[in-house]
Undergrad: 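Supplied in C-alpha cells, the structure appears directly below.
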Amino acid sequence: MIIALTAMYRATGLKRYLDAAEKAVSALLKWQDPYRGLWSHKLDPNECRHRPQCEGGKPFMVGIVLEGLKNYHKITGDEKVKQCILKAVEWLLREAWIPKDGGFYYSSCLTFKNRGLAFLNYLIIEGIGYAYELSGKRKYLELGLQALNAALPSIEKGFTGEKGRPVNGKAYAQATRSSPRFIYLLQKLGITERDLSAQIS
C-alpha cells in the first residue's frame, strides 16, 4: 500500500496520497516491536502446525515493507521512520539471516528457522542498502553484498529451464523488481561486478 501511495504522490503531487501513506506508516510504527524490530504476529496456520502457534514474521514481507518505508522517508525525512527502518534491518541481521545458507529464513516458524533461502534475498536487499545509506554502518552493506552474491546463482539455476526458457515467472519478477536499486547503490559506491567477491571476502 505504501509503495503504491508514495508512487501516486510522486506522480501527481496530490497531498491526499501522502496523507493516506502517513496513516499506513503510523500503523506500522505502532505495531513494530520496539526491541526486536519486527512486526510480530501469529503465523499462517496453513504453514505453522505447532501448538501453541508460532509467532514472528517473514523476512521477505519485511523487505517489501522496507521498500515502502524507504519511499516514504525519502519524501518526508521522518526521523521515526528512519529509526523504524534501522530496527527492522537489525532484526533481519540478528535473527533472520542464516550465514551457512547465504539467505534469510522463510518464516519465524520453527519449521523454517534453520534454513536460509537465498532466492528470497532479492526482495530484501533494497531495504538493507537504504539502512546503510541512512546510517553509514558497514555491516549493512556487507550483509547486502553477501545476500546479493548468494542470490545471483539462482537466476541461472532456478529461473531457467530447457534452452534457457523461464520456468518460474513469479520468481524472476521478484528478482528483477527491486534488486536493481541495490545494485545502483553499489554502482554509486564504486563496487563493480569484478570486485564484488573481493568486497565480500
Undergrad: Please name the pair of heavy atoms, one in Y122 and one in A151, separated by the smallest distance, quoted to 0.1 Å.
TA: OH-O, 2.7 Å
Undergrad: Set out, in order, the CA-CA distance, both residues' side-chain angles and the distance that settles side chain to side chain contact (heavy atoms under 4.5 Å, CB included) for R177 and L123, then state yes or no.
TA: CA-CA 8 Å; R177 188 181 68 85; L123 291 167; 4.2 Å; yes
Undergrad: Evaluate the side-chain proximity of R115 to I98: yes if any heavy-atom separation is below 4.5 Å, no if none is.
TA: no
Undergrad: Are the side chain of H41 and the backbone N or O of E55 linked by a donor-acceptor pair below 3.5 Å?
TA: no
Undergrad: I'd like to know if the side chain of Q32 and the backbone of G37 have a donor-acceptor N/O pair within less than 3.5 Å.
TA: yes
Undergrad: Is the shortest side-chain heavy-atom distance between V25 and T76 below 4.5 Å?
TA: no
Undergrad: Can you tell me which residue among I125, I128, I124, N121 is in a side-chain contact (heavy atoms from CB on, under 4.5 Å) with L143?
TA: I128
Undergrad: List the residues meeting side-chain hydrogen bond (donor to acceptor under 3.5 Å, both in side chains) with K58, not counting sequence neighbours, and say none if there are none.
TA: E47, Y106
Undergrad: Would you say the side-chain atoms of D33 pair up with the backbone N or O of Y35, donor to acceptor, closer than 3.5 Å?
TA: yes
Undergrad: What heavy-atom pair brings K80 and L29 nearest, and what distance separates the two atoms?
TA: O-CD2, 3.8 Å
Undergrad: Can you name the residues that form a side chain to side chain contact (heavy atoms under 4.5 Å, CB included) with R94, not counting sequence neighbours?
TA: R36, E90, W91
Undergrad: Got a second to check how far S107's OG is from L43's CG, nearest 0.5 Å?
TA: 4.0 Å
Undergrad: Taking a hydrophobic cluster as the set of Ile, Leu, Val, Met, Phe, Trp and Tyr residues connected by side-chain heavy atoms closer than 4.5 Å, whether directly or through intermediates, do L110 and W97 fall within one such cluster?
TA: no
Undergrad: Taking the side chain as everything from C-beta on, heavy atoms only, tell me whether T6 gets closer than 4.5 Å to Y17.
TA: no
Undergrad: Give me the atom names and distance for the closest heavy-atom approach of V89 to A131.
TA: CG2-CB, 3.7 Å
Undergrad: Which is it for L28 and V81 under the side chain to side chain contact (heavy atoms under 4.5 Å, CB included) test, yes or no, and what are the steps along the way?
TA: CA-CA 9 Å; L28 280 173; V81 175; over 6 Å; no
Undergrad: Verify, without hydrogens or angle tests, whether E126 (side chain) and G63 (backbone) share a donor-acceptor contact under 3.5 angstrom.
TA: no
Undergrad: Any side-chain donor-acceptor pair under 3.5 Å between Q83 and E79?
TA: yes
Undergrad: What distance do Y9 atom OH and L14 atom CG have between them, rounded to the nearest 0.5 Å?
TA: 9.0 Å
Undergrad: Start with the C-alpha distance between K137 and E142, add both sets of side-chain angles, then the distance that settles salt bridge (Lys or Arg N to Asp or Glu O under 4.0 Å), and finish with yes or no.
TA: CA-CA 9 Å; K137 291 185 178 180; E142 290 175 351; over 6 Å; no
Undergrad: Under 3.5 Å, is there a donor-acceptor pair between the side chain of W31 and the main chain of S40?
TA: yes
Undergrad: So, for L66 and G127, which heavy atoms are closest and what is the spacing to 0.1 Å?
TA: CB-CA, 3.9 Å
Undergrad: Tell me, please, which residues at least two apart from E22 pass side chain to side chain contact (heavy atoms under 4.5 Å, CB included).
TA: D19, Y72
Undergrad: Is the NZ atom of K100 crowded by more than 12 outside heavy atoms at less than 6.0 Å?
TA: yes
Undergrad: Just how far is it from atom OG of S135 to atom CZ of R138, taken to the nearest 0.5 Å?
TA: 12.0 Å
Undergrad: Can you name the residues that form a side chain to side chain contact (heavy atoms under 4.5 Å, CB included) with A20, not counting sequence neighbours?
TA: L5
Undergrad: Return the CE to CG distance between M61 and L120, rounded to the nearest 0.5 Å.
TA: 10.5 Å
Undergrad: Provide the closest heavy-atom pair for A24 versus I2 in the form atom of the first, atom of the second, distance.
TA: CB-CG1, 3.7 Å
Undergrad: Looking at residues at least two apart in the chain, or sitting in another chain, which of them share a side chain to side chain contact (heavy atoms under 4.5 Å, CB included) with K188?
TA: E133, Y184, L185
Undergrad: Rounded to the nearest 0.5 Å, what's the gap from CG on L134 to NZ on K70? Could you check?
TA: 9.5 Å
Undergrad: For residues L38 and L92, determine if any side-chain heavy atom of one lies less than 4.5 Å from a side-chain heavy atom of the other.
TA: no
Undergrad: If you round to the nearest 0.5 Å, how far is CG of L145 from CG of N149?
TA: 8.5 Å
Undergrad: Please examine the side chains of F112 and L117, heavy atoms only from C-beta on, and report whether any two atoms are closer than 4.5 Å.
TA: no
Undergrad: With sequence neighbours excluded, tell me which residues meet side-chain hydrogen bond (donor to acceptor under 3.5 Å, both in side chains) with S108.
TA: Y105
Undergrad: Quick check against the 3.5 Å criterion: does W39 have a side-chain atom that pairs as donor or acceptor with the backbone of V62?
TA: no
Undergrad: List the atom of H73, the atom of D78, and the distance in Å for their closest heavy-atom pair.
TA: CD2-O, 3.1 Å
